[in-house]
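Here is the naming used below: chain letters follow the sequence lines, and residue numbers restart at 1 for every chain.
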Amino acid sequence: MISLHNTLGGERQPFVPGDADRVTMYVCGPTVYGPAHIGNARPAVVFDVLARLLRRRYRLVYASNITDVDDKINQAAAEQGVPIAAVAQRWIRTWREDMAGLGVLAPDRQPLATEHVPQMISLVKSLLKSGHAYEAEGHVLFRVGAYAAYGELSGRNRDEQIAGARVEVAPYKEDPADFVLWKPSSDELPGWESPWGRGRPGWHLECSAMAREHLGDTIDIHGGGRDLIFPHHENEIAQSRCGHGAPLARYWMHNGMIRMGKSKMAKSRGNILTIRELRGKIPGEVLRLALLSARYRDPLEWTDELVATSRQRLDRLYRVLLDCAEDSREGGTPSPPGGSARTAEPSPELVRALEDDLNTPAALSVLAGEARKLRAGAVEPVAGAAALKAGGFLMGILQADPVQWFTAVESGPELTAEEIAARIGERARQRDVGDYAAADRIRDELAGRGVILEDGPQGTTWRRAAL
RNA sequence: GGCCAGGUGGCAGAGUGGCGAUGCAGCGGACUGCAAAUCCGUGGACGCCGGUUCAAUUCCGGCCCUGGCCUCCA
């Protein structure tokens, strides 16, 4: 049984799908106006693991949107003097590359906001018709006062919000808490014809319309960052519920924030690390493991140490896989039927950990235990390695060829395999004559360039170093 | 100020009403060139104050601290 922490209600609940033949999940995706940072990657990675887990039991339709119409995109285009669509396209491409680099499987649906404007307009129409929205100075606003349950997700009530008083109160709002569904566009801005004139949708509206279009009125799981609970998800709930009468989602899941030096990583704070720059020097799989090293609901502080530790954990796991591959090659053990990683089953302990509200740290611990047993020879290497890889697959790690893992050069002006071999040969001669000082100099030099040497009974091998 | 999450060993981070995960670092050992890498083994913890209980890090209450949200935000 899968249990999930539901923000709506604030407790862990058994997951019971509305329809086991069509489980639906929607996760808020990026607004494409610049490079995504590692914090943006957390929900994508976390819910990718959940998608993999759900697919073991159910048929899943997983949708994650891309917001390609937004004032920030317009602003970026104006600043750079390029067409708005060019900005969006460029960063959509980057986002997809980044996600692939982190081992995130493409969602079943990846709707673009600009391709769902008619659905948004029709949602606004029904909200107007039912009195949950009103027109004011070319805008259409949601009338928060008309929805009594407003605030149930975030645990706020309207009085508290008014007391907050930091909300900017546009003069045309009936109530400070009201939010924009549709706003007018000038000629230079992207816009669509609507009953309220040429305009563009408000951000909250997009997700309601796209989720409904692709997944139906009520979806099973709605995910996103914790910072979206209010107002984004609260507003989505209000729009959808008032628009078609059904609850938007049955389970709401929110991931914690990535922190950089004690505060949330955010573009507005300027403390971001983009996925692109990180991937330039660190394998995507290491980044992924780092993101999964804490429970998804908790905050995670991003540090060099976290990255280094993650790299070492992965190295250790791959080393076992490498040894297993060598053992079976030497021993001539034929691969048992069904022994491939694709068909092997992950261990029940690992599945149990993941099904317990996505306890990835515990799952990682299970993996480490399995690796230890394999190394100790307590498990048959081929089947054991296959099970290890199957568990890795659920978390989106450990799918690379172990030899490649240790020898692949990530980036920068690195040494070629030939150059490394030449240096190793030179060092071997020095060691033969007993000139260890010179040999160590070569070893240290290579270490400084990201190559670690290992002297074994069969001679010297090398692998790339952690950072 | 309001709402919501947390506070576990040197660090990261699970979990549990009584048998103290896991990773990194440290320490000991094996191997080795009294090297590096690797492998094996190992000590160490539950914010504070009360309460419930035979027994609490784990349940309850209060306090302190940290972070998030209340404006765009993964």
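- Across all strands, A:Asn255 comes closer than 4.0 Å to base atoms (heavy-atom distances).
- For A:Asp298, whose side chain is taken as the heavy atoms from C-beta onward, the closest listed nucleotide among B:U38, B:C72, B:A14 is B:A14.
- For B:G15, the base has no donor-acceptor partner in the side chain of A:Asn359 [N/O atoms by modelled type, under 3.5 angstrom].
- For A:His222 and A:Tyr251, the ring centers are positioned 6.0 Å apart or more.
- Residue contacts shown for A:Arg269 are limited to sugar-phosphate atoms, with no base heavy atom under 4.0 Å away.
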List every contact pair, protein side and nucleotides 21-27 of chain B side both N or O, where the distance is under 3.5 Å.
from: B:A21; atom 1: N3; to: A:Ser365; atom 2: OG; distance (Å): 3.4
from: B:U22; atom 1: O4'; to: A:Ser365; atom 2: OG; distance (Å): 3.0
from: B:C24; atom 1: O3'; to: A:Gln312; atom 2: NE2; distance (Å): 3.3
from: B:A25; atom 1: OP1; to: A:Gln312; atom 2: NE2; distance (Å): 3.3

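- Ranking B:A74, B:G15, B:G68 by closeness to the A:Ser263 side chain, first place goes to B:G68.
- Among B:A74, B:G15, B:A14, the nucleotide with an atom closest to any side-chain atom of A:Leu228 is B:A74.
- As judged by a 4.0 angstrom heavy-atom cut-off over every strand, A:Gly39 is placed among the base-contacting residues.
- Secondary-structure stems of RNA chain B, taken as three or more successive Watson-Crick or G-U wobble pairs (i with j, i+1 with j-1) under a 3.5 Å distance threshold, comprise B:1-7 with B:64-70, B:10-12 with B:22-24, B:26-30 with B:38-42, B:47-51 with B:59-63.
- A:His254 pairs in a side chain to side chain donor-acceptor pair (under 3.5 Å) with only one of the listed residues (A:Thr7, A:Asp227, A:Asn6), which is A:Thr7.
- Remark: A:Arg295 is not in phosphate contact with B:G6, judged by side-chain N or O atoms under 4.0 Å from OP1 or OP2.
- The CG-P distance, from A:Leu289 to B:A12, rounds to 17 Å in whole Å.
- Judged by distance alone with a 3.5 Å cut-off, no donor-acceptor contact links the side chain of A:Arg156 to the base of B:C4.
- Looking at A:Arg259, its side chain has no donor and acceptor atom pair within 3.5 Å of the base of B:G67.
- At a threshold of 4.0 angstrom between heavy atoms, the contacts of A:Arg226 are confined to the sugar-phosphate backbone, with no base atom among them.
- For A:Arg319, whose side chain is taken as the heavy atoms from C-beta onward, the closest listed nucleotide among B:U38, B:G68, B:A74 is B:U38.
- Contact check on A:Asp178 versus A:Arg143 returns no salt bridge, with no Lys/Arg side-chain nitrogen under 4.0 Å from an Asp/Glu carboxylate oxygen.
- Across B:A74, B:U38, B:G6, the shortest atom-to-atom separation from the side chain of A:Arg463 is found for B:U38.
- For A:Arg297, the listed nucleotide lying nearest its side chain is B:A5; candidates were B:G33, B:A74, B:A5.
- With respect to A:Asp455 and A:Arg427, a salt bridge is recorded, a charged nitrogen being found less than 4.0 Å from a carboxylate O.
- A:Asp444 has no carboxylate O lying under 4.0 Å from a charged side-chain N of A:Arg449, or vice versa, which leaves the two without a salt bridge.
- Taking the charged nitrogens against the carboxylate oxygens, A:Glu426 and A:Arg423 do have a contact shorter than 4.0 Å, which makes a salt bridge.
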